Amino acid sequence: VQLQASGGGLVQAGGSLRLSCAASSSTFSNFAMGWFRQAPGKEREFVAVVYWSDGTAYVAGSVKGRFTISRDNAKNTAYLQMNNLKPEDTAVYYCGAAHKFTSWVDQYDYWGQGTKVTVSS
């Protein structure tokens, strides 16, 4: 069972990106899918989480109002829509799967490989 993150890139401040996290199977149907980010020299930081089965979502305060998390069950894919990006959003973004709806990185059992987002000022 694997997670594949994609959609990162270079964007100017104020721009938008949509990240995708594709699961290799529907095994994650009872999981929560989360997005985290890690900037150079910093710890991995929670961004957002969505419960795969019913779409319940929670977004960190630092990105609330700019980022939205969603999922498409038919495609086994979770998304992170990022709008009004700022230079401080620059990081490698990781998606993960957890057995519970959580923002704690240690409670995630599966991880994608990460996708790099760079926001220029």
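Predicted model, so just to flag it, every value in this text is computed and none were measured.
- Contact of the Met33 side chain with the Arg71 side chain is not registered, since no non-hydrogen atoms from C-beta on lie closer than 4.5 Å.
- Note that the OG atom of Ser70 and the CG atom of Leu80 stand 8.5 Å from one another [nearest 0.5 Å].
- Using cut-offs of 30° and 60° on the angle between ring planes, the pair Phe67 and Tyr93 is tilted.
- For the pair Val63/Arg37, a side-chain contact is recorded, criterion being any heavy-atom separation below 4.5 Å from C-beta on.
- Clustering ILVMFWY residues whenever any of their side-chain heavy atoms sit less than 4.5 angstrom apart, transitively, puts Leu3 in a cluster other than the one holding Phe46.
- Looking only at side-chain heavy atoms (C-beta outward), Glu88 and Ser62 stay at 4.5 Å or farther from each other.
- A donor-acceptor pair under 3.5 Å links the side-chain atoms of Gln113 to the main chain of Ala5, judged by distance alone.
- To the nearest 0.5 angstrom, Gln4 atom CD is 9.0 Å from Thr115 atom OG1.
- Leu17 and Val92 fall into different hydrophobic clusters, where Ile, Leu, Val, Met, Phe, Trp and Tyr side chains are chained together by heavy-atom contacts under 4.5 Å.
- With a 4.5 Å cut-off on side-chain heavy atoms, Asp89 and Met82 do not count as touching.
- Here Ser121 contributes atom OG and Lys86 contributes atom NZ; the two are 13.5 Å apart, rounded to the nearest 0.5 Å.
- To the nearest 0.5 angstrom, Leu85 atom CG is 10.5 Å from Thr118 atom OG1.
- Linking Ile, Leu, Val, Met, Phe, Trp and Tyr whenever their side-chain heavy atoms come within less than 4.5 Å puts Val50 and Phe31 in one cluster.
- Note that CD1 of Ile69 is 11.5 Å distant from OG1 of Thr56, once rounded to the nearest 0.5 Å.
- Separation of atoms CD (Gln107) and CZ (Phe101) is listed at 12.5 Å; rounding is to 0.5 Å.
- Grouping the Ile, Leu, Val, Met, Phe, Trp and Tyr side chains by contacts below 4.5 angstrom, directly or via other members, places Val105 with Tyr51.
- Trp52 is listed as a side-chain neighbour of Asn73, based on a closest heavy-atom distance under 4.5 Å.
- Tyr108 and Phe36 have their aromatic ring centers within a separation under 6.0 angstrom.
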